[in-house]
**Student:** 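Encoded as C-alpha cells, here's the structure I'll be asking about.
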Amino acid sequence: KEADIASVKLETDLHFRATYEFKSSSLFEVLIVNMDEILTRQKQGQSIDLKRNNVIGSGPLQIEGEMPGVPYVLSPHGTGIFIVTVFNRGDKSSGDLVGGTIKPGKLSLEFPDGIGTIKCPTEYFSQSRLKCTNNAGPTGKGIELLKGASLPFRIELTDSPEISEPFRTYSIKAEVEYTYELRSSVHAVVN
C-alpha cells in the first residue's frame, strides 16, 4: 500500500570517484651573470644578491626547480646545475595520481634559445636540442612518484652565453600532463 511505502527510510553512504585529465606548468628563472659584474662588486666590497623567481603551477602535481649552491651561472662559458622534482601535493585520502606514474612523453622541460647547452639525464629523458621529454625510464612505466615525489632530476647547463649587461634572466618552462582520480563519499537518506 502507498502508506507502507511512504514510511520506508534508507540510510546509506554513496561512494564515488571521478578521474580527470590535468595539465600543469611552472616557470623557473636562470640568471646568467657577467663575470665583470662579479669582479666589480667584489672590488667595491659588495656581495652579489640576485633573486630568481619561480612560478609553480596549480593542481595536485607540481614541478619545482632549484639551483643548488650558487644561484646563477657565470658568463661567458659558465656551467650550472638545475634540479627538477615533481611533487604530488594532493590530499592522498581523497585522490591520487592514476597508476602512480607520469606516463612517457607527459613531462617536458623547455629551455630558451641562447641559454647555452643543456644535458638532460638520458635514463629518464629524451632530448631534442633545448627540450627534455620524459621517456619510459628504467621501469618502462614513466616517472614514478614514491612517497609523494619523483626522483630529483639533474639538468646540466654548459657554455653560457656572453652577455654585456650585468645579468640576464632566462625562463625555463616545465609542463606535466596526467590523470588524477578523486574519491569521496556522501551520507544519504532516502525516504
**Student:** Does N134 reach the main-chain N or O of K106 with its side chain, forming a donor-acceptor pair under 3.5 Å?
**Tutor:** yes
**Student:** Within the side chain of S160, is there an N or O that forms a donor-acceptor pair under 3.5 Å with the backbone of L74?
**Tutor:** yes
**Student:** Does the side chain to side chain contact (heavy atoms under 4.5 Å, CB included) test come out yes or no for V70 and Y72, once each step is laid out?
**Tutor:** CA-CA 6 Å; V70 180; Y72 55 83; 3.3 Å; yes
**Student:** Thinking salt bridges, do D113 and R129 make one under a 4.0 Å N-O criterion?
**Tutor:** yes
**Student:** Is it true that R89 and E64 have a side-chain N and a carboxylate O under 4.0 angstrom from each other?
**Tutor:** yes
**Student:** Just verifying a value: how many Å separate S128 OG and E110 CD, rounded to the nearest 0.5 Å?
**Tutor:** 9.5 Å
**Student:** Counting neighbours of CZ on F87 that are heavy atoms of other residues, nucleotides or ligands and sit closer than 6.0 Å, is the number greater than 12?
**Tutor:** yes
**Student:** Is there a chain of hydrophobic side chains (I, L, V, M, F, W, Y, each step under 4.5 Å between heavy atoms) that links F167 to F28?
**Tutor:** no
**Student:** Within the distance-only criterion (no hydrogens, no angle test), does the side chain of Y178 pair as donor or acceptor with the backbone N or O of L61 below 3.5 angstrom?
**Tutor:** yes
**Student:** Kindly indicate whether the side chain of L107, heavy atoms from C-beta on, has any atom under 4.5 Å from the side chain of I63.
**Tutor:** yes
**Student:** Side-chain contact, heavy-atom cut-off 4.5 Å: E175 with K23?
**Tutor:** yes
**Student:** Return a table of donor-acceptor pairs under 3.5 angstrom between the side chains of residues 145-158 and protein atoms on other chains or two or more places apart.
**Tutor:**
from	atom 1	to	atom 2	distance (Å)
S150	OG	V86	N	2.9
R154	NH1	E156	OE2	2.9

**Student:** Has S126 got a side-chain atom pairing as donor or acceptor with N135's backbone, closer than 3.5 angstrom?
**Tutor:** no
**Student:** Which distance, rounded to the nearest 0.5 Å, do you find between the CD1 of I172 and the CG of N54?
**Tutor:** 9.0 Å
**Student:** So, Q127 side chain and I118 main chain: donor-acceptor pair closer than 3.5 Å or not?
**Tutor:** yes
**Student:** Any side-chain donor paired with an acceptor under 3.5 Å for E162 and S75?
**Tutor:** no
**Student:** Applying side chain to side chain donor-acceptor pair (under 3.5 Å) between Y180 and each of T19, N88, D96, report the one that passes.
**Tutor:** N88
**Student:** Do L27 and I32 share a hydrophobic cluster (ILVMFWY, side-chain heavy atoms under 4.5 Å, transitive)?
**Tutor:** no
**Student:** On the 0 to 90° scale, with breaks at 30° and 60°, tag the F82-F111 ring pair as parallel, tilted or perpendicular.
**Tutor:** perpendicular
**Student:** Say whether, by atom type as modelled, one donor and one acceptor occur between the side chain of S24 and the main chain of S58 under 3.5 angstrom.
**Tutor:** yes
**Student:** Starting at CD of E66, measure out to CD1 of I83 and round the result to the nearest 0.5 Å.
**Tutor:** 6.5 Å
**Student:** Would a single hydrophobic cluster contain both Y20 and V176, if residues Ile, Leu, Val, Met, Phe, Trp and Tyr are joined by side-chain heavy-atom contacts under 4.5 Å?
**Tutor:** yes
**Student:** Between I56 and Q62, what is the shortest heavy-atom contact and its length?
**Tutor:** CG2-CB, 3.7 Å
**Student:** Could you tell me whether the side chain of D13 reaches within less than 4.5 Å of the side chain of H15, counting heavy atoms only?
**Tutor:** yes
**Student:** Measure the CD1-CD distance between I163 and E37 for me, rounded to the nearest 0.5 Å.
**Tutor:** 9.0 Å
**Student:** Hydrophobic cluster membership, with links at side-chain heavy-atom distances under 4.5 Å among I/L/V/M/F/W/Y: are L31 and L109 in one?
**Tutor:** no
**Student:** Can you see whether D159 engages H77 through a side-chain donor-acceptor pair at a distance of less than 3.5 angstrom?
**Tutor:** no
**Student:** Is there a side-chain contact between F125 and S108 in this structure, where contact means two heavy atoms from C-beta onward sitting under 4.5 Å apart?
**Tutor:** no
**Student:** Nearest 0.5 Å please: distance from the CE atom of M67 over to the CD atom of E29.
**Tutor:** 12.0 Å
**Student:** Could you state the interatomic distance from CG (L97) to CD1 (I102), rounded to the nearest 0.5 Å?
**Tutor:** 6.5 Å
